[in-house]
Asker: 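Quick one: structure below, then a few questions.
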Amino acid sequence: MYRIAPSILSANFAKLGEEVTQVLAAGADIIHFDVMDNHYVPNLTIGPLVCEAIRPLTDAIIDVHLMVEPVDRIIPDFAKAGANIISFHPEASRHIDRTIGLIKEQGCKAGLVFNPATPLSYLDHVLDKLDLILIMSVNPGFGGQAFIPEALNKLRQTRERIDASGREILLEIDGGVKVDNIAEIARAGADTFVAGSAIYGAGKDSDPHRYDSVIAAMRAELAKVA
Ligand code: DX5
Ligand code: ZN
């Protein structure tokens, strides 16, 4: 089963509530929520107050991708704001195992995020505690960048590790995902697809929920894989 997770980073922030409900009505599964701090990454986005504001709009999973350093201080705030999954970058935490524990204590699922040059060896001693692994196929900080093909090799290696563990762990890809590469990405092992500019940039006034055509096109590509 494949999940499509639009990143609201590329939504129209002047009407964010509508952008969230429309994309879900158009068939998206998960809301991907990119948090940037102008420190860990060179950009600044949204925080817990915005998460809290969109929480009442849906029961769908809110998948918070923290690109912040340090991470621990802000985790309880996102849990209280209604996040379901909280992911962080290992380089941004002094104590990775402790951060994972903190996310779980707060009642959320925990994810670890791998930048293009971050080795998978960070999984060696924590895989059994993770609910999601996020492979970055761009350097974090901005929407609309080109997919880095080496991410496909990393997905294949991560898929092997997940399957060998026998655990249920989502394998998410983030960055440069489009209709024309989503099938190839799925073949490499991803099951959860973040797409920001590809979805929010393809809204059509003629679609009942603006994003029906682009999400249907992604599903049609994924159907070729399964
Ligand atoms: C980048 C963010 C992504 C971003 C993806 O740092 O983590 O979630 O929104 O945007 P696209 O799909 O446009 O590459
Ligand atoms: Zn993201």
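We count ligands from 1, going down the list as the structure has it; atoms in each ligand are counted the same way.
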Asker: Please say whether more than 12 non-hydrogen atoms of neighbouring residues, nucleotides or ligands are located less than 6.0 Å from CZ in R156.
Answerer: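 Atom CZ in R156 is packed in, count exceeds 12.
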Asker: If you have a sec, work out which protein heavy atom is nearest atom 6 (O) of ligand 1 and how many Å separate them, to one decimal?
Answerer: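 Atom 6 (O) of ligand 1 sits closest to the protein heavy atom G141 N, 2.8 Å.
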Asker: Quick one: nearest non-hydrogen protein atom to atom 13 (O) of ligand 1, plus distance?
Answerer: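 Checking every protein heavy atom, the shortest distance to atom 13 (O) of ligand 1 gives S197 OG, 2.5 Å.
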Asker: Give yes if a backbone or side-chain nitrogen or oxygen of G176 is under 3.5 Å from a nitrogen or oxygen of ligand 1, and no if not.
Answerer: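 Among all N and O atoms of G176, at least one is under 3.5 Å from an N or O of ligand 1.
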Asker: Run the numbers for me: atoms of ligand 1, each under 4.0 Å from some heavy atom of P140, listed by number.
Answerer: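 In order of numbering, the contacting atoms are 6 (O).
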Asker: What's the OD2-the Zn ion (ligand 2)-NE2 angle here (D174, H32), rounded to 10 degrees?
Answerer: 100°
Asker: Say you draw a straight line from CG of L170 to OG1 of T192; how long is it, rounded to the nearest 0.5 Å?
Answerer: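 Nearest 0.5 Å value for the CG-OG1 distance: 4.5 Å.
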Asker: Out of all atoms in ligand 1, which are within 4.0 Å of some heavy atom of G143? Include the element for each.
Answerer: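 Numbered from 1, ligand 1 contributes 10 (O), 13 (O).
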Asker: For atom 12 (O) of ligand 1, grab the closest protein heavy atom and report residue, atom and distance to one decimal in Å.
Answerer: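 Checking every protein heavy atom, the shortest distance to atom 12 (O) of ligand 1 gives G196 N, 2.8 Å.
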Asker: Geometry only, no angles: is D174 polar-contacting ligand 1 at N/O separations under 3.5 Å?
Answerer: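 D174 vs ligand 1: N/O contact under 3.5 Å present.
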Asker: Return the closest protein heavy atom for atom 1 (C) of ligand 1 as residue, atom name and distance.
Answerer: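 The closest heavy atom on the protein side is F142 O, 3.6 Å.
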Asker: Taking atom CD of Q145 as the centre, does the number of heavy atoms from other residues, nucleotides or ligands within less than 6.0 Å exceed 12?
Answerer: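 Yes, the 6.0 Å shell around CD holds more than 12 heavy atoms from other groups.
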Asker: Can you tell whether the side chains of K224 and E221 come within less than 4.0 Å, N to carboxylate O?
Answerer: yes
Asker: When K109 is tested against each of I169, L130, D131 for side-chain contact (heavy atoms from CB on, under 4.5 Å), which residue passes?
Answerer: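 Only match with K109 under side-chain contact (heavy atoms from CB on, under 4.5 Å): D131.
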Asker: When you measure from atom 9 (O) of ligand 1 to every protein heavy atom, which one gives the shortest distance, and what is it?
Answerer: S7 OG, 2.9 Å
Asker: Run down the list S10, G144, A198 and name the one with the heavy atom closest to atom 11 (P) of ligand 1.
Answerer: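 Heavy atom nearest to atom 11 (P) of ligand 1 belongs to G144.
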Asker: Please check if V23 and L222 belong to a single hydrophobic cluster, counting links between Ile, Leu, Val, Met, Phe, Trp and Tyr side chain heavy atoms closer than 4.5 Å.
Answerer: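 Yes, V23 and L222 fall within the same hydrophobic cluster.
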Asker: Any side-chain heavy atom of D34 within less than 4.5 Å of one from N43?
Answerer: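 No, every pair of side-chain atoms sits at 4.5 Å or beyond.
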Asker: Give the numbers and elements of all ligand 1 atoms closer than 4.0 Å to a heavy atom of D34.
Answerer: 2 (C), 3 (C), 4 (C), 7 (O), 8 (O), 9 (O)
Asker: Which ligand 1 atoms, with their elements, are less than 4.0 angstrom from a heavy-atom of M36?
Answerer: 6 (O)
Asker: I'd like to check which ligand 1 atoms, numbered from 1 as shown, lie under 4.0 Å from a non-hydrogen atom of A195.
Answerer: 12 (O)
Asker: For ligand 1, which atoms, with element, lie under 4.0 Å from some heavy atom of G175?
Answerer: 14 (O)
Asker: In this structure, are over 12 heavy atoms from other groups packed under 6.0 Å from D59 atom CG?
Answerer: no
Asker: So, are R161 and D124 salt-bridged, with charged N and O less than 4.0 Å apart?
Answerer: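 Yes.
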